[in-house]
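In what follows, a single structure is set out as structure tokens and then discussed.
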Amino acid sequence: MFTESAELYDLVYSSFKDYGAEAAQIATLLCTVHPGCKTVLDVACGTGEHARLLAANYGFAVDGLDLDPQFVQIARKKHPAGQFIQADMVDFQLPQRYDAIVCLFSSIGYLCTLDRVIRALRCFREHLAPDGVIIVEPWFAPGVLDPNRVSRNTGEAAGIKVERLNQIEINGPISRIRFDYVITDATGVRETSEIHELGLFTPEEMLQSFKAAGLDVQHDPKGLTGRGLYVARIAAYAARLLSGSARPPTNYR
């Protein structure tokens, strides 16, 4: 999706996205819902900024995967201790299970259909430790985005300036975002564009998708950035917690 801008991604988003604050919120949430959490898989990890901060500042052992090979390369450089692979979130196979699986910054929306969301959540469940947690930050629900709104982001550092114009078109259950870039560096000025498509799912549809994937879930309408947050467990383990026959570990490091 970011084929034209992967190397500029951090520059653009550093102008308005506070990864440090988000990583702190995620770490606090993990400590609360799973005090023994040590290992984390960052699905759709992007350039690995969340992964880097969760490892460096909070001591988690973080691996990641992303569909974009350029993002994977950047993430490996940022966080060499982690294992990062190129893979599709709906169909990946890793050799271990994790205490937590996170899928942030609305990456789940790129799956576009609820069938693919369910497939991804089932794949997450298969890679989750029995007492583990899944944290998903959704894209916006239908009716929230304003198709008449045009926004602009500008990032500048080390002699490079990127201006990005964002325009949204709504086509039924799909939001279609056009990013137009103007990039200025030592070689001059160039322009490029990208089209991104994300599915618009209601909270009720998302909750049903978690259930269909064998997960019990809680929904926080606000979340990290106002987009909401889903926190899920494997259904069988959640049932044991409610009955008192299972207890979450308490040896948080």
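In what follows, residues are counted from 1 in the order of the sequence shown. Computed from a prediction, not measured in an experiment: that's the story for all the values here.
Atoms NE2 and CG, from His219 and Leu207 in turn, are 7.0 Å apart once rounded to the nearest 0.5 Å. Distance CD/Gln167 to OG/Ser193: 9.5 Å, rounded to 0.5 Å. Interatomic distance, CG of Asp88 versus CG of Leu65, reported as 9.0 Å (0.5 Å rounding). Gln25 contributes atom CD, which lies 12.0 Å from atom CG of Leu30 (distance to the nearest 0.5 angstrom).
More than 12 heavy atoms of other residues, nucleotides or ligands sit less than 6.0 Å from atom CD of Gln96. For CG of Asn171, the number of neighbouring non-hydrogen atoms (other residues, nucleotides, ligands) closer than 6.0 Å is 12 at most. Residue-environment remark: NZ (Lys211) stays at or below the threshold of 12 foreign heavy atoms within 6.0 Å. For Gln218, the CD atom counts as loosely surrounded, since its 6.0 Å shell holds 12 or fewer non-hydrogen atoms of other residues, nucleotides or ligands.
Donor-acceptor pairing under 3.5 Å is lacking for the side chains of Tyr9 and Gln70. A donor-acceptor pair shorter than 3.5 Å cannot be found between the side chains of Thr154 and Lys161. Looking only at atom types and distance, the side chain of Ser175 has no donor-acceptor partner in the side chain of Glu169 under 3.5 Å away.
Val62 pairs with exactly one of Gln83, His79, Arg52 by the side-chain contact (heavy atoms from CB on, under 4.5 Å) rule, that one being His79.
Between His50 and Tyr19, the ring centre distance stays below 6.0 Å. In this structure, Tyr13 has its ring center closer than 6.0 angstrom to the ring center of Phe105.
Contact check on Arg116 versus Asp91 returns no salt bridge, with no Lys/Arg side-chain nitrogen under 4.0 Å from an Asp/Glu carboxylate oxygen. A salt bridge is defined here as a Lys NZ or Arg NE, NH1 or NH2 lying under 4.0 Å from an Asp or Glu carboxylate O, and Lys17 with Asp10 fails to meet this definition.
Taking all atoms of both residues into account, the shortest heavy-atom contact from Ile101 to Phe124 is CD1-O, 3.0 Å. Heavy-atom minimum distance, Cys123 versus Phe92: SG-O, 3.2 Å. Scanning both residues, Val182 and Glu191, for their nearest heavy atoms gives CG2-CG, 4.1 Å. The two atoms that bring Phe71 and Asp66 nearest to each other are CD1-OD1, 3.6 Å, heavy atoms only. The shortest heavy-atom contact between Cys45 and Ala75 is SG-CB, 4.4 Å. For Ile108 against Pro138, the heavy-atom pair with the smallest separation is CG2-CA, 3.9 Å.
Counting only distance, with no hydrogens or angles, the side chain of Arg122 and the backbone of Val90 share no donor-acceptor pair below 3.5 Å. Judged purely by atom type and a 3.5 angstrom limit, Ser107 has no side-chain atom pairing as donor or acceptor with the backbone of Cys103. Distance alone, capped at 3.5 Å, places no donor-acceptor pair between the Asp99 side chain and the Cys37 backbone. No donor-acceptor pair closer than 3.5 Å links the side chain of Arg125 to the backbone N or O of Leu215. Under the 3.5 Å distance criterion, the side-chain polar atoms of Thr192 are left unmatched by any main-chain donor or acceptor of Tyr181. A donor-acceptor pair under 3.5 Å is absent between the side-chain atoms of Arg176 and the main chain of Ile170, judged by distance alone.
Geometric assessment of Arg164 against the ring of Phe179 yields a positive cation-pi assignment under the 6.0 Å and 45° thresholds.
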Step-by-step side-chain hydrogen bond (donor to acceptor under 3.5 Å, both in side chains) determination, Asp63 to Tyr98: CA-CA 9 Å; Asp63 295 335; Tyr98 293 84; 2.7 Å; yes
Verdict with reasoning, Thr113 to Asp115, per side-chain hydrogen bond (donor to acceptor under 3.5 Å, both in side chains): CA-CA 5 Å; Thr113 69; Asp115 285 345; 5.4 Å; no
